[in-house]
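The chains referred to below are lettered A, B, ... by the order of the sequence lines, with proteins before strands, and numbering in each begins at 1. From a predicted model like this one, the values you see are computed outputs, not experimental measurements.
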Protein chains: 2
Amino acid sequence: MAATQELTKNQSLVFDALTRADGPLSAYTILDQLRENGFRAPLQVYRALDKLLDYGMIHRLESINAFVACSHPHDHSHSHGMIAFAICEKCGQVTEFSDEVITARVREWTKGNGFKPSKTTIEIRGICASCSTA
Amino acid sequence: MAATQELTKNQSLVFDALTRADGPLSAYTILDQLRENGFRAPLQVYRALDKLLDYGMIHRLESINAFVACSHPHDHSHSHGMIAFAICEKCGQVTEFSDEVITARVREWTKGNGFKPSKTTIEIRGICASCSTA
DNA sequence: TTGACTAATGTAATAACATCACATACGAAC
DNA sequence: GTTCGTATGTGATGTTATTACATTAGTCAA
């Protein structure tokens with residue numbers, strides 16, 4: 001499984017909702033948006049989100065309990081590196097970037113300490129450029 | 001406000017609970033532990049946690065909704081740098097470290113993108129050395 | 001075609017995490 | 001002692017996520 005068109009109905013609905021939104025959405029916000037599509041329960045959303053996370057098509061922002069569509073959907077180059085997120089606390093915009101230096105440095109630490117990493121979260125909250133000039 | 005002995009009663013109780021524990025605790029776990037000390041409601045815990053976070057005496061682990069006592073309580077050297085956490089998903093142990101290279105690299109990114117950071121989260125989940133040999 | 005298996009879905013209930021709103025108490029400054 | 005800020009007590013509510021169980025739909029082989 002890899003491409004968008006192979007998603008199930010619910011997965012597509014959830015993924016489309018996240019793609020339409022230009023910022024992170026909470027699971028319950030997605031649920032509300034999809035009620036007209038027949039969604040009734042949180043689990044319908046969470047199950048789809050789990051799969052989409054598996055497929056690497058979306059990300060979970062731990063610090064705000066929300067989800068975003070991956071902004072580099074066709075770029076698998078950073079899929080094994082760490083992804084960092086800058087989250088604007090004013091407008092909600094999320095910028096995704098990956099940095100080899102940080103990735104390498106984290107890997108050094110884990111190697112040096114015998115720690116086997118499974119998932120690494122890097123989230124910077126603050127005010128984005130447009131919001132601080134506005 | 002800076003030192004432990006200036007904490008209020010509730011703040012001390014919460015801080016002590018976190019210090020006794022040798023791993024992260026959720027707010028509700030703390031609440032349960034402090035019922036015999038008169039705690040009745042979540043807010044009593046959350047208010048204390050907020051202050052302790054302000055004072056830099058504890059940290060919040062965003063990825064697991066839990067709190068830990070700072071492991072470098074007398075070391076203010078890294079208090080303006082970023083702190084990273086390695087969280088063992090097996091035993092719950094949390095190792096706290098700060099890395100100037102990562103800190104610098106994040107600062108570079110934020111400067112370069114006009115992003116004003118307020119709080120940065122770095123959390124590595126995985127299996128710690130003792131758990132992977134055991 | 002039937003049966004067996006697997007993946008996806010539907011639904012209700014509940015658990016886990018966090019905040020709001022309002023009342024009361026306490027200490028310091030005047 | 002009044003005023004003011006901080007801390008506290010308490011119930012209700014809001015938000016996020018999971019458990020448990022039933023049902024549906026597709027695949028594949030006998």
>> In whole Å, I'd like the distance from the CG atom of L7(A) to the C1' atom of dA7(C).
In response: 14 Å

>> Taking the minimum atom-to-atom distance to the side chain of A41(A), which one of dT11(C), dA7(D), dT10(D) wins?
In response: dT11(C)

> Whole-Å distance between dT24(D) P and K9(A) NZ?
Replying inline: 15 Å

> Would you call K111(B)-E108(B) a salt bridge at under 4.0 Å N-O?
Replying inline: no

> Which residues within residues 30-39 of chain A lie with some heavy atom under 4.0 Å of an atom in DNA chain D?
Replying inline: none

>> What is the distance, to the nearest angstrom, from the CD atom on Q44(B) to the C1' atom on dA12(D)?
In response: 15 Å

>> Which heavy atom of I58(A) sits nearest to which heavy atom of A69(A), and what is that distance?
In response: CG2-CA, 4.1 Å

> How long is the gap from CZ on R40(A) to CG on L31(A), to the nearest 0.5 Å?
Replying inline: 10.0 Å

>> From CG of L61(B) over to P of dA16(C), roughly how many Å is that when rounded to an integer?
In response: 19 Å

> Over how many whole Å does the gap from L49(B) atom CG to dA7(D) atom P extend?
Replying inline: 14 Å

> Ion pair present between R35(A) and D32(A), side-chain N to carboxylate O less than 4.0 angstrom?
Replying inline: yes

>> From CG of L52(A) over to C1' of dA8(C), roughly how many Å is that when rounded to an integer?
In response: 13 Å

> Between atom CG in N10(A) and atom P in dA7(C), what is the gap in whole Å?
Replying inline: 17 Å

>> Rounded to the nearest 0.5 Å, what separates atom CG in N37(A) from atom OG in S12(A)?
In response: 11.0 Å

>> Within the structure provided, determine whether V45(A) and F67(A) are in side-chain contact (heavy-atom separation under 4.5 Å).
In response: no

> Is T8(B) near enough to dT8(D) that one of its side-chain N or O atoms lies under 4.0 angstrom from OP1 or OP2?
Replying inline: yes

> Looking at K51(A), does any N or O in its side chain come under 4.0 Å of the phosphate oxygens OP1/OP2 on dA8(C)?
Replying inline: yes

What pairs of nitrogen or oxygen atoms, one from the protein and one from nucleotides 15-18 of chain D, lie under 3.5 Å apart?
from    : atom 1 : to     : atom 2 : distance (Å)
dA17(D) : OP1    : R60(A) : NH1    : 3.2
dA17(D) : OP1    : R60(A) : NH2    : 2.2
dA17(D) : OP2    : Y46(A) : OH     : 2.9
dA17(D) : O5'    : Y46(A) : OH     : 3.3
dA17(D) : N7     : Y28(A) : OH     : 2.6
dA17(D) : N6     : Y28(A) : OH     : 3.1

> How long is the span from the CD atom in Q33(B) to the CG atom in L13(B), to the nearest 0.5 Å?
Replying inline: 11.0 Å

> For the pair made of CZ in R40(B) and P in dT24(C), what is the distance, rounded to whole Å?
Replying inline: 17 Å

>> If the threshold is 4.0 Å, N to carboxylate O, is there a salt bridge linking R60(A) and E62(A)?
In response: yes

> Nearest heavy-atom pair of M82(B) and T103(B): which atoms, and what distance?
Replying inline: N-OG1, 3.4 Å

